[in-house]
Novice: 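Handing you a structure now.
When a ligand or atom number is given, it counts from 1 through the structure's own listing order. No experiment lies behind these values; they were computed from the predicted model shown. As a basis for the values below, the full set of heavy atoms in this structure was taken, side chains included, without hydrogen atoms, waters or symmetry mates.
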Amino acid sequence: MVKMERIAVLTSGGDSPGMNAAVRAVARTCMFNDKECIGVKRGYEGLIEGDFITLDHAAVGGIIHSGGTILKTARSERFKTPEGREEALAQMKKAGIDGLVVIGGDGSFHGAKALHDMGFPTIGIPGTIDNDITGTDETIGFDTAVNTALDAIMKLRDTATSHERLFVVEVMGRNAGFLALEVAVATGAEYVVVPELPLSIGDLTKRLKSSYRAGRSHTLIILAEGVMTAQEMREQLADSGGYDARVTVLGYIQRGGHPTSFDVVLATRMGAFATENLMIGKSGMMVGNINHKLVLSPLERAWSEHKSLSPEMLSLMNKMN
Ligand code: F6P
């Protein structure tokens, strides 16, 4: 039986709403099982520097609904080097840490896998607004980001309707269109443009023309940042169809704010599940929520297996327009 008395937790990569609830769940699960919990500041950077804090009951009190991450986060170049990883391992050994929970996206999971391969027990929790991780239906923060975008776009719709305008709204999502597609269905947008599907501006302007002819006075296009910028799309729409689109880039607003109840509950379930599995010797795995059930799958699935957009959601977009 693997010794697991002191468990560390870190948040890494882009922050996402619900990360604090996950940190709290890891810490409280440790306490429930009479284990110690250590928080690592600034992701893998803090791991290399031995920047650790004790996460006792009070340290994680009152954070369940707060956005961002109390542990801070960073993208670490140093951890990508063998020297950086050796140093991180040495710091954890020195602090008597027996296992690590990594909360983040696929970049963070690469780091977790490297530690696992070096023989250090490590488990991952998917936290990113992009929802681009295979092995889970939802990542922590995705639902909140969709709702944040929905709030903003409802306001844009009002002014788009009054002025009978065409709006292009750029949403995040890195190279994937999960956020854009969900936002498009939730807002009742007319079009969605995602990296997973080829886009022809010519086709889009043809469709715009026929929908204007059919009486549509305003139009909302949701654009995933992985395709092009909203400004580029604005120029292409002007060049190929003479359209005068207004653009809005939602940007980092999508990463902030207090998490929705869905994300708080998901984060709490995943935090507890990850910690309990680490305690019984599981390593090199990530937690996922598949069909409402928590499961473990190998960390490398996050980047080796492609996660596809839901065909049902794509077809909904067509049916609703
Ligand atoms: O992965 C989350 C995310 O917000 C992406 O949607 C976005 O492309 C990226 O992070 C932005 O990263 P950074 O915080 O490094 O600018």
Novice: Suppose I only count heavy atoms of Glu225 and a 4.0 Å limit; which atoms of ligand 1 are within that range?
Specialist: 5 (C), 6 (O), 7 (C), 8 (O)
Novice: With no hydrogens and no angle check, is any side-chain donor or acceptor of Tyr191 less than 3.5 Å from a backbone partner on Ala184?
Specialist: no
Novice: How far is atom 16 (O) of ligand 1 from its nearest protein heavy atom, and which residue and atom is that?
Specialist: Tyr252 OH, 2.4 Å
Novice: Report yes or no: does Asn321 contribute a side-chain atom to a donor-acceptor pair with the main-chain N or O of Met317 at less than 3.5 Å?
Specialist: yes
Novice: So which heavy atom in the protein is nearest atom 13 (P) of ligand 1, and how far is it from that ligand atom?
Specialist: Arg75 NH2, 3.4 Å
Novice: Within the side chain of Thr54, is there an N or O that forms a donor-acceptor pair under 3.5 Å with the backbone of Asp56?
Specialist: no
Novice: Taking only Lys NZ, Arg NE, NH1 and NH2, and the carboxylate oxygens of Asp or Glu, determine whether Lys113 and Asp117 approach each other closer than 4.0 Å.
Specialist: yes
Novice: Kindly give the heavy-atom pair with the smallest separation between Glu170 and Thr229, and that separation in Å.
Specialist: OE1-CA, 3.4 Å
Novice: Does an N or O anywhere in Gly14 fall below 3.5 Å from an N or O of ligand 1?
Specialist: no
Novice: Looking just at side-chain N and O atoms, do Asp15 and Thr69 make a donor-acceptor pair shorter than 3.5 Å?
Specialist: no
Novice: Look at atom 4 (O) of ligand 1 and say which protein heavy atom is nearest, naming residue and atom and giving the distance to 0.1 Å.
Specialist: Arg255 NH1, 2.8 Å
Novice: If you draw the axis of the six-membered ring of Phe178, does the NZ or CZ of Lys307 fall within 45° of it and under 6.0 Å from the ring centre?
Specialist: yes
Novice: Quick test: of every protein heavy atom, which one is nearest to atom 9 (C) of ligand 1, and how far off is it to 0.1 Å?
Specialist: Arg174 NH2, 3.7 Å
Novice: Heavy-atom distance to atom 2 (C) of ligand 1: which of Asn131, Asp15, Asp130 wins?
Specialist: Asp130
Novice: Touching ligand 1 at all, Gly105? Heavy atoms, strictly under 4.0 Å?
Specialist: no
Novice: Does only the side chain of Gln254 get under 4.0 Å from ligand 1, or the backbone, or both, or neither? Count heavy atoms.
Specialist: neither
